[in-house]
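See structure below.
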Protein chains: 2
Amino acid sequence: MKNNKDLPAGDHAGPLMADVARLAGVAISTVSRALTNPGRVNEKTRARIQGAAMQLGYTPNALARGLRVGKSNSVIVVLPGPLYYGASQIIPQVLSGINAALVEGGYHLIIANLDRGEQSERHVLDLAFGGSVQGVLILSSAVPEVDGRSLSQAALPIVSLLHDLTALDIPSVVTNDREAVRGATAELIALGHRRFQYLAGPPGDYHDVERYAGVLEALHDAGLGEDAVLRSGGIDYRHGFRIGVEAAAEYHGLATKPTAIIATSDDMAISFMSRVHQAGYKIPTDLSIVSFDGSAICDYCWPPLSSILQPVEEMGRRAVSLLIERINAPQCEHSERIIVPSTLVRRDSLAPVAGSMALF
Amino acid sequence: MKNNKDLPAGDHAGPLMADVARLAGVAISTVSRALTNPGRVNEKTRARIQGAAMQLGYTPNALARGLRVGKSNSVIVVLPGPLYYGASQIIPQVLSGINAALVEGGYHLIIANLDRGEQSERHVLDLAFGGSVQGVLILSSAVPEVDGRSLSQAALPIVSLLHDLTALDIPSVVTNDREAVRGATAELIALGHRRFQYLAGPPGDYHDVERYAGVLEALHDAGLGEDAVLRSGGIDYRHGFRIGVEAAAEYHGLATKPTAIIATSDDMAISFMSRVHQAGYKIPTDLSIVSFDGSAICDYCWPPLSSILQPVEEMGRRAVSLLIERINAPQCEHSERIIVPSTLVRRDSLAPVAGSMALF
DNA sequence: TTGTAAGCGTTATCAG
DNA sequence: CTGATAACGCTTACAA
């Protein structure tokens with residue numbers, strides 16, 4: 001039996017600032033000042049108010065305050081989709097960096113989507129347009145849009161992370177996908193490898209485009225043609241394990257086999273290795289493998305997996321400082337691209353091609 | 001050069017309901033009705049208003065609305081800490097289930113913490129006490145508390161997930177940690193194993209207490225004593241890989257070796273296997289291993305890892321429906337415990353003890 | 001240093 | 001069916 005049916009605020013039973021004021025014997029505005037701007041109030045009354053607030057367990061209503069001051073001190077982080085993929089935990093890791101930097105800067109983080117369905121998209125836009133947040137961090141995905149509204153229309157600073165959106169005039173923090181893969185491929189070539197299998201992400205995907213371009217560039221630099229590489233996979237990264245399994249079957253069926261695998265995620269590499277082992281091949285004796293992401297688990301694979309390590313935490317931090325900068329100085333400044341380089345971590349999965357007299 | 005320095009609402013430049021009203025030539029209250037309660041307004045005017053809103057790209061201010069109605073349609077999910085651990089992606093997976101169920105029920109999800117530091121804790125409490133959310137889902141951790149405030153004081157429905165908090169009168173959705181481990185241990189015993197090494201989580205941790213109890217119960221049931229099991233590890237689950245590495249070293253140093261390993265997370269099992277392999281032991285010939293979590297990666301381990309699979313998605317869904325139930329009917333109802341059973345997925349890491357004439 | 005009062009953008013009540 | 005008008009809980013000129 002609720003007896004507060006006439007209170008619009010419903011069941012939020014907590015004490016109000018008015019209650020604190022009454023208990024402390026001061027005006028409501030004094031309470032406000034004491035709480036948000038101590039120093040502009042007599043120390044003695046301040047203490048009394050503080051005490052009253054504690055005693056009542058008072059918490060200011062964030063909505064009311066936000067409505068009044070138009071500052072939420074919150075930043076919304078837009079995720080690319082569900083967090084669960086496989087061994088590659090780029091997004092969770094980058095979130096770590098983001099969180100640390102945000103908290104350090106006095107901002108709060110809000111995640112309002114774990115998928116990119118219509119409902120979630122709408123929620124994100126509502127928060128952005130509704131004044132609940134002061135900035136947006138988009139993770140490895142496109143700008144949220146629904147019902148003809150687009151986040152880019154909101155008068156909010158936006159920063160993109162892991163995905164280059166500078167073409168849309170959104171400052172972006174990315175890694176050197178292309179260069180890193182080119183370097184790794186070049187290294188394989190130097191080890192004597194001449195035939196490659198590339199485990200791809202979805203066609204057209206930013207990362208896949210960049211990484212594949214890296215492979216081709218390295219081949220080109222070495223005077224090799226595109227036919228030196230076989231493309232496998234090509235579906236969503238979240239099916240990484242499946243891609244690896246299928247690519248392994250493909251490998252097994254080939255008459256002339258590649259001697260080196262370039263996987264675009266650790267998941268792909270891990271499941272590929274597993275199936276190839278089961279079929280009796282030896283790594284790195286029969287084939288070498290390099291992948292992308294640098295998951296913690298690479299160290300515990302069989303054999304330990306060479307992988308291109310993305311400096312995820314740092315990328316997160318950089319993105320946050322870029323965003324905070326924009327929040328404090330919204331006046332234009334052309335969009336910026338920050339590149340944080342990834343580096344190949346060499347482990348046992350990498351070796352000179354069998355029977356080659358590689359360069360050492 | 002901003003010229004709106006006198007507007008408290010600051011830079012939130014979006015159109016207001018008043019603008020829509022003006023454009024549509026109606027009163028502001030009519031706009032409100034048309035938008036939130038169509039049917040109570042003439043279809044013709046409704047359409048005109050709708051049009052005006054679209055044309056202006058109007059989005060209602062969530063803060064103002066929330067302040068007025070006290071209903072945010074949002075639920076806050078409290079995370080136990082950073083999302084990044086290792087192969088075990090229980091939390092991300094359970095989030096998936098939560099999200100799906102929440103969206104289905106018309107609720108929004110808000111995550112406001114990626115650690116359990118003071119700042120984040122405060123932010124969570126501010127959101128809860130500040131009326132920004134209508135319910136709380138606590139994931140595998142304790143009730144947020146800071147500055148003498150505790151979330152449990154908020155007049156909000158709370159549900160705990162993965163962690164039994166029924167003792168605090170908080171309805172909880174958990175799995176059968178103890179039973180599941182007891183079953184797995186019993187199975188190892190049936191395979192002839194008599195000496196075990198248990199890779200533990202932090203002492204006192206809910207999961208570790210339950211799982212270890214499961215081991216002991218199984219030993220007891222088989223007439224074996226506590227000395228049949230060696231406890232290793234015992235630090236935070238997020239250091240799972242390290243636990244496995246250290247436990248492997250310990251194993252290697254033992255004169256009489258256990259023949260079966262019971263790991264309380266896949267991470268521990270994976271790194272343990274890796275190091276034990278490097279030392280030349282064969283799994284499951286020399287030793288069997290079972291772990292907990294049922295990560296996707298278990299299928300791609302060497303050998304494929306037997307693990308206790310937690311029905312995470314379902315747990316998430318159950319927790320949400322429990323929570324929504326409470327939101328709709330806040331009147332007491334004693335706290336409930338829902339147990340969703342985990343089951344052992346048997347893979348190659350499990351075999352009869354060497355030289356045993358096990359029961360088949 | 002403190003109090004009074006206006007107003008943030010909505011929704012809900014009440015007349016018309 | 002629609003239009004004034006009073007809240008919602010808080011901050012902030014402005015006055016005292």
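Every chain is numbered from 1 and lettered A, B, ... according to where its sequence line falls, protein lines coming before strand lines.
- Under the side-chain contact (heavy atoms from CB on, under 4.5 Å) criterion, A:S150 pairs with A:V143, A:E145, A:S152, A:Q153, not counting sequence neighbours.
- Inter-residue side-chain proximity for A:Y107 and A:I327 is flagged as met; some heavy-atom pair is nearer than 4.5 Å.
- Using modelled atom types and a 3.5 Å distance limit, the side chains of A:T166 and A:R337 yield a donor-acceptor pair.
- An angle of 40°, rounded to 10°, separates the two end axes of the helix from C:dT1-D:dA16 to C:dG16-D:dC1, each defined over five pairs.
- Counting only heavy atoms from C-beta on, A:T36 has its side chain closest to D:dT11 among D:dT11, C:dC8, D:dC10.
- Under the side-chain contact (heavy atoms from CB on, under 4.5 Å) criterion, B:T30 pairs with B:V26, B:A27, B:R33, B:V41, B:I49, not counting sequence neighbours.
- Put simply, A:Y58 has a side-chain N or O that comes within less than 4.0 Å of OP1 or OP2 on D:dC10.
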Quick one: which protein N/O atoms are closer than 3.5 Å to N/O atoms of nucleotides 2-6 of chain D? Pair and distance per line, please.
| from | atom 1 | to | atom 2 | distance (Å) |
| --- | --- | --- | --- | --- |
| D:dT2 | OP1 | B:T45 | OG1 | 2.9 |
| D:dT2 | OP2 | B:N42 | N | 2.8 |
| D:dT2 | OP2 | B:T45 | OG1 | 3.2 |
| D:dG3 | OP2 | B:A27 | N | 2.9 |
| D:dG3 | OP2 | B:T30 | OG1 | 2.6 |
| D:dG3 | N7 | B:S29 | OG | 3.3 |
| D:dG3 | N7 | B:R33 | NH2 | 3.0 |
| D:dG3 | O6 | B:R33 | NH1 | 3.1 |
| D:dA4 | N6 | B:S29 | OG | 3.1 |

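- In this structure, CG of A:N61 is placed 16 Å from P of C:dG9, rounded to the nearest angstrom.
- To the nearest angstrom, P of C:dT11 lies 13 Å from CG of A:L63.
- Judged as a side chain to side chain donor-acceptor pair (under 3.5 Å), and not counting sequence neighbours, the contacts of A:N99 are B:D115.
- The CG atom of B:L67 sits 12 Å away from the C1' atom of C:dG7 (whole-angstrom rounding).
- Between the CG atom of B:N37 and the P atom of D:dC1 there is a distance of 12 Å, given to the nearest Å.
- We find that CE of A:M17 is positioned 8 Å from C1' of D:dG9, with the value rounded to whole Å.
- Residues passing the ring-ring contact (aromatic ring centres under 6.0 Å, His included) test with B:Y206 are B:H163, sequence neighbours excluded.
- Separating the CG atom of B:D19 from the C1' atom of C:dC8 is a distance of 14 Å, rounded to the nearest angstrom.
- Counting heavy-atom neighbours within 6.0 Å of A:R318 CZ, excluding the residue itself, gives a total of 12 or less.
- For the pair A:E314 and A:R317, the salt-bridge criterion is not met [side-chain N within less than 4.0 Å of a carboxylate O].
- Salt-bridge annotation for B:D126 and A:R65: absent, with no side-chain N of the basic residue lying under 4.0 Å from a carboxylate O of the acidic one.
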